[in-house]
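Each chain gets a letter, A, B and so on, in the order the sequences are listed, and its residues count up from 1.
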Amino acid sequence: MGERQLTPAGGTVPLGREFFDRPAHEVAPDLLGRVLVYGPVALRLTEVEAYGLPGEDPAAHTYRGMTPRNAVMFGPPGHVYVYFTYGMHFCANLVCLPEGVGSGVLLRAGEVVAGIEIATARRSAGTGRGVPARDLARGPARLAVALGLTLEHNGLDACAPADGTLAVLEGEPPGADLIRSGPRTGVASGKETPWRFWIDGDPTVSPYRPHVPRRRRTS
DNA sequence: AGCTAGATTCGCT
DNA sequence: GCGAATCTAGCTT
């Protein structure tokens, strides 16, 4: 493979596995401003959410233990957990804590800093419409599309630069005064846990939507 | 075996 | 603002 595309804002140093070997709610705010690279596309993370331990965090996919879908979350830290939801969307997480513990950080939004043309093509494919730059990765499923992540990438190691093109670079983390936190978006339980973290004032942060129970289909 | 809710997004009203 | 698209997991018959 050729040189990984880097940007001045992205830095060049990949985060090591030890970065992810901590509780998700500690990793999450530290991920803001870091640069996630997959192939030709790179994005600066602006919004993330932490999901906690089996039996402790009712909003987490791992709350009730390991299943075929969430097995990657119980693997080693620094791998990517991709899941399929609402019958049509993919969302990506970075696994935290040692093997055997199911926990991770949902990647909710970012600013595309490399490969904008490719990301735009992916996001507008089939729609025949343009996509504003700030919307390219504004929302977890949009982020996955922009980066080109699908179920095929579930389990990929983001801490093995020699193996692939997926990595999280050091980047330029925002000052602590710019980091905000609040309740997680769209979760029914665990509303009181402020484990959504974002960069204050960044236009790529997704709008907050409180959980609303879906009305039952009218017969 | 069947039903419901979900870490969502898009297009139309 | 609302409905559709339609996979997965957990809980109920």
Side-chain angles (χ1 to χ4, degrees), chain A residues 23-25 27-29 31-32 36 43 45-74 79-97 102-110 112 119-155 181-198 204-219:
Chain A
H25 65 275
V27 173
L31 275 171
L32 295 175
L36 180 61
L43 56 84
L45 294 170
T46 58
E47 181 189 356
V48 297
E49 281 178 2
Y51 286 87
L53 303 177
E56 293 187 10
D57 183 3
H61 280 186
T62 58
Y63 181 56
R64 292 174 183 84
M66 189 163 66
T67 68
R69 179 170 76 151
N70 68 22
V72 168
M73 289 260 266
F74 289 83
H79 290 240
V80 61
Y81 163 55
V82 183
Y83 69 92
F84 191 52
T85 191
Y86 287 98
M88 59 191 311
H89 295 303
F90 299 104
C91 296
N93 301 247
L94 289 168
V95 176
C96 295
L97 292 174
S103 179
V105 175
L106 171 69
L107 309 176
R108 286 201 56 90
V112 175
T120 303
R122 287 171 175 162
R123 287 272 291 110
S124 60
T127 66
R129 310 159 88 96
V131 179
R134 76 182 49 174
D135 287 347
L136 284 174
R138 189 170 182 237
R142 291 166 163 183
L143 182 152
V145 171
L147 217 51
L149 294 177
T150 70
L151 271 191
E152 293 177 18
H153 306 94
N154 188 31
S181 67
R184 292 170 292 186
T185 299
V187 303
S189 44
K191 288 188 185 57
E192 63 294 331
T193 310
W195 280 359
R196 173 180 180 243
F197 302 90
W198 68 93
T204 65
V205 172
S206 68
Y208 175 71
R209 290 196 200 17
H211 171 73
V212 183
R214 280 207 298 170
R215 227 179 63 207
R216 255 217 284 120
R217 264 184 64 180
T218 57
S219 49

Distance-only donor-acceptor hits, side chain of residues 130-150 of chain A, under 3.5 Å, sequence neighbours excluded:
unit_1	atom_1	unit_2	atom_2	d
A/D135	OD1	A/R138	NH1	3.4
A/R138	NE	A/P203	O	3.4
A/R138	NE	A/V205	O	3.1
A/R142	NH1	A/R138	O	2.9
A/T150	OG1	A/E152	N	3.2

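In terms of modelled atom types and a separation under 3.5 Å, the side chain of A/S103 and the main chain of A/Y51 share a donor-acceptor contact. Counting only distance, with no hydrogens or angles, the side chain of A/E49 and the backbone of A/R108 share no donor-acceptor pair below 3.5 Å. Here the side chain of A/N70 pairs a donor or acceptor atom with the backbone of A/G65 at under 3.5 angstrom. Within the 3.5 Å criterion, the main-chain N or O of A/A59 finds a donor-acceptor partner in the side chain of A/D57.
With rounding to whole Å, A/L107 atom CG is found 13 Å from B/dT8 atom P. Computed from coordinates, the A/M88 CE to B/dC10 C1' distance equals 7 Å when rounded to whole Å. Counting to the nearest Å, the P atom of B/dA5 and the OH atom of A/Y63 are 18 Å from each other. Separating the CG atom of A/N93 from the P atom of B/dT8 is a distance of 11 Å, rounded to the nearest angstrom. Separating the NE2 atom of A/H89 from the C1' atom of B/dG6 is a distance of 12 Å, rounded to the nearest angstrom. In this structure, the OH atom of A/Y86 is 14 Å from the C1' atom of C/dG3, given to the nearest Å.
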Taking it one step at a time, do A/V48 and A/L107 satisfy side chain to side chain contact (heavy atoms under 4.5 Å, CB included)? CA-CA 5 Å; A/V48 297; A/L107 309 176; 4.2 Å; yes

Under the 3.5 Å Watson-Crick or G-U criterion, the dot-bracket string of DNA chain B, with | for inter-strand pairs: ||||||.|||||.

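Considering only heavy atoms from C-beta on, A/F90 stays 4.5 Å or farther from A/H153 through its side chain. In this structure the side chain of A/L94 never reaches within 4.5 angstrom of the side chain of A/V27, judged on heavy atoms.
Nearest nucleotide to the A/L106 side chain, out of B/dC10, B/dA7, B/dT8: B/dA7.
For A/R138 and B/dT9, the shortest distance from a side-chain N or O to OP1 or OP2 is not below 4.0 Å. Contact annotation: A/R108 side-chain N/O to B/dT8 OP1/OP2 distance is under 4.0 Å. Taking 4.0 angstrom as the limit, A/R123 places a side-chain polar atom (N or O) nearer than this to OP1 or OP2 of B/dC10.
Counting non-hydrogen atoms under 4.0 angstrom, A/M66 reaches nothing in the nucleic acid.
The ring of A/Y51 lies on top of the base of B/dA7, close enough and flat enough: under 5.5 Å between centres, under 30° between planes.
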Check: protein-nucleotides 8-12 of chain C nitrogen or oxygen pairs below 3.5 Å:
unit_1	atom_1	unit_2	atom_2	d
C/dA9	OP1	A/R69	N	3.1
C/dC11	OP1	A/R64	NE	3.2

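Comparing B/dT4 with C/dA4, their P atoms sit 15 Å apart, to the nearest whole Å.
If you take CZ on A/F84 and CG on A/N154, they are separated by 13.0 Å, rounding to the nearest 0.5 Å.
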